[in-house]
Amino acid sequence: MSPQAQDQAASLVQSVDWLAIAPPTIAAVVALAVLVADLFVDGRKKALLGWVSVAGLALAALALLPLLDGDRSTFCLTGATDVCSYAADRFTLVIQFLVLGGALLAALLSMTTLKDAGKDAGGDTDKAYPEGEFWFLLLSSAAGAALLPASRDLATLIVALEVASLPAFALVGIKHGDRKSSEAALKFFLSSVTATAVSLMGVSFVYASTGTLYLTEIATRIEDVDPQLHTLAQAGVVLTLVGFAFKTAAVPFHFWVPDTYVGAPLPVAAYLSVVGKAVGFSGLILVTVIALPSYADVWGPALAALAALTMTIGNVGALRQRTTRAYSAVRLLAWSSVGQAGYLLVPIAAAAYSEDARKAVGSTVAYALMYAAVNLGAFAVAALVARTKPLNRISDYRGLYASRPLAALVLGFFLLCLAGLPPGIIGLFAKVTVFSAAVEAGLGWLAVVMAVNVVIALFYYLQWTTLLFRAPEGETESHRVPAPLTAAIALTAVLGVALSGAPQLILRFSDTGLF
């Protein structure tokens with residue numbers, strides 16, 4: 001072999017830091033272990049698979065601790081050690097903590113849902129939900145979601161996005177014989193596949209313009225693109241962002257959200273509302289702030305317009321929900337999540353106009369951490385109510401304080417956090433941080449739109465909150481709450497109260513650069 005050929009071969013050899021890739025790897029390995037174990041575990045002991053999955057997610061989250069010492073990177077080119085496909089920096093660790101923690105809480109909710117489904121099916125859980133497949137899909141999706149924030153090239157980014165998304169399609173439609181679930185999964189799948197195809201076309205355009213897939217290399221080369229390829233590069237930027245805009249449920253890519261959340265098992269809807277958004281927003285941040293800062297004049301105005309549309313349409317959709325409509329509580333949370341996505345887009349749009357873009361997107365990460373804790377908690381209480389009132393109407397929550405005072409107080413606290421009102425201090429501070437990011441970037445009009453939407457959201461959040469403490473209609477019923485569901489509600493409540501008491505634990509991410 002010639003020396004030149006040897007050099008080319010050596011440049012393809014990549015180093016591997018196993019400690020850096022431990023969190024997503026552990027989730028993936030446990031997923032395979034659960035799938036194999038399902039073949040040998042007796043039907044009456046399927047619940048063990050759930051506990052193994054919870055333990056695996058907890059272990060994956062604990063694997064983040066050794067990475068706190070400093071930034072790590074791996075799968076780097078031998079000839080250029082600063083050009084890597086995987087980076088375990090501060091941004092990566094924060095998003096991985098959010099993803100794995102959200103998946104862990106969703107797993108706790110799922111254990112109760114699967115157990116109840118087994119009772120309804122006469123003790124045979126597989127008639128409603130095939131447990132082995134369910135846990136395999138959840139863990140696989142969590143592994144992909146944990147991989148995405150660490151991705152530093154477009155190929156790995158798209159692969160991670162699909163690994164996180166494909167199992168989610170199956171999770172939405174996993175309930176046997178449920179037409180509503182199947183329709184939701186089909187709508188989710190077709191919409192997502194279309195968005196992915198558009199995004200892949202954008203990636204191909206960016207690659208054709210720059211000759212590289214590495215984000216840092218794209219940032220350097222795209223500044224000196226041949227004038228004849230300038231339009232191609234611009235089209236690639238826009239098309240690449242479409243796929244991530246879909247994952248964040250940004251308007252007009254939001255139409256799948258309400259039906260998908262209603263049709264999916266409630267723990268899966270909770271998972272999509274938090275982990276799905278974390279995937280979309282982390283990918284959006286990586287593409288815009290790291291790979292395409294020189295094209296801020298393209299993606300900045302686009303994201304600002306998307307933020308305004310998303311928060312407005314999301315809040316108006318939530319406002320229109322009738323309290324007596326079937327599944328109106330889930331639909332309200334779905335439309336609310338669309339509105340919250342609009343707030344999360346504001347700092348990313350502001351990054352295009354800010355002198356310190358990486359500081360600006362810190363506001364998105366801070367807000368996402370707050371949203372994850374309280375939104376998962378709201379879904380956990382919704383899962384509790386759904387055990388006795390499966391239609392899950394908002395009117396079903398009337399008088400909840402009389403039958404379950406702690407659950408009512410916790411849900412009220414979560415809703416006030418989402419509204420940004422005391423005692424939900426962390427929600428208030430997170431909104432102020434996002435608002436400040438818009439003002440500092442000179443996007444005064446977007447800050448005004450956000451302020452108007454916050455007022456709109458106050459109405460439906462307070463309406464639901466007051467309903468919890470009204471006199472109940474008819475006799476109140478009280479049932480024993482399973483331990484996993486109790487643990488999920490307790491964990492989110494403790495986290496929300498602790499963050500409201502010490503908001504600096506999260507807000508410090510908006511004061512310093514994340515990369």
Is any side-chain heavy atom of [X] closer than 4.5 Å to a side-chain heavy atom of [Y]?
X	Y	result
L421	L415	no
L284	L303	yes
F281	L345	yes
F136	P167	no
S209	H230	no
S165	F189	no
V338	I313	no
V361	F91	no

Please report the closest heavy-atom contact between [X] and [Y], naming both atoms and the distance.
X	Y	answer
H254	P258	O-CD, 3.8 Å
V275	A103	CG2-N, 4.0 Å
C417	V374	CB-CG1, 3.6 Å
T323	R393	O-CB, 3.5 Å
A380	I489	CB-CG1, 3.6 Å
P265	L171	CD-O, 3.5 Å

When rounded to the nearest 0.5 angstrom, what is the spacing between [atom1] in [X] and [atom2] in [Y]?
X	Y	atom1	atom2	value
N392	L333	CG	CG	8.5 Å
T196	I158	OG1	CD1	7.0 Å
M370	L98	CE	CG	11.5 Å
T466	Y397	OG1	OH	14.5 Å
T212	L154	OG1	CG	8.5 Å
L229	Q234	CG	CD	12.0 Å

Is the backbone of [Y] close enough, under 3.5 Å, to the side chain of [X] for a donor and an acceptor to pair up by distance?
X	Y	answer
T312	L309	no
T248	A341	no
K431	Y367	no
S199	T240	yes
S151	L147	yes

### Message
Could you go through Q321 and W335, starting from their C-alpha distance and side-chain angles, then the distance that decides it, and tell me whether this counts as side chain to side chain contact (heavy atoms under 4.5 Å, CB included)?
### Response
CA-CA 9 Å; Q321 296 306 308; W335 282 109; 3.3 Å; yes

### Query
Mind checking whether F188 and W256 have parallel, tilted or perpendicular rings, split at 30° and 60°?
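The arrangement is parallel - the two ring planes meet at less than 30°.
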
### CA sep, side-chain torsions, deciding dist, call: V316, R320, side chain to side chain contact (heavy atoms under 4.5 Å, CB included)
CA-CA 6 Å; V316 170; R320 295 179 58 195; 4.2 Å; yes

### Message
Applying side chain to side chain donor-acceptor pair (under 3.5 Å) to Y461 and S336, what does each step give before you reach the verdict?
### Response
CA-CA 9 Å; Y461 284 131; S336 165; 2.4 Å; yes

### Task
Decide yes or no on side chain to side chain donor-acceptor pair (under 3.5 Å) for K175 and S182, but give the supporting numbers first.
CA-CA 8 Å; K175 188 172 184 179; S182 300; over 6 Å; no

### Message
If the test is side-chain hydrogen bond (donor to acceptor under 3.5 Å, both in side chains), which one of N453, N315, T310 qualifies with Y343?
### Response
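Testing Y343 for a side-chain hydrogen bond (donor to acceptor under 3.5 Å, both in side chains) against N453, N315, T310 leaves exactly one candidate, N315.
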
### Task
Kindly check if the number of other-residue, nucleotide or ligand heavy atoms within 6.0 Å of CZ (F255) is above 12?
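Atom CZ in F255 is crowded, with more than 12 foreign heavy atoms closer than 6.0 Å.
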
### Message
Does atom CZ (F469) have a neighbourhood of more than 12 heavy atoms from anything else shown, all under 6.0 Å?
### Response
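Buried by this count: over 12 neighbours within 6.0 Å.
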
### Query
Got a salt bridge between E183 and K187, using NZ or NE/NH1/NH2 to carboxylate O under 4.0 Å?
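No.
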
### Query
Does the side chain of Y271 come under 3.5 Å of the side chain of S110 through a donor N or O and an acceptor N or O?
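On atom types as modelled, these side chains do not qualify, holding no pair under 3.5 Å.
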
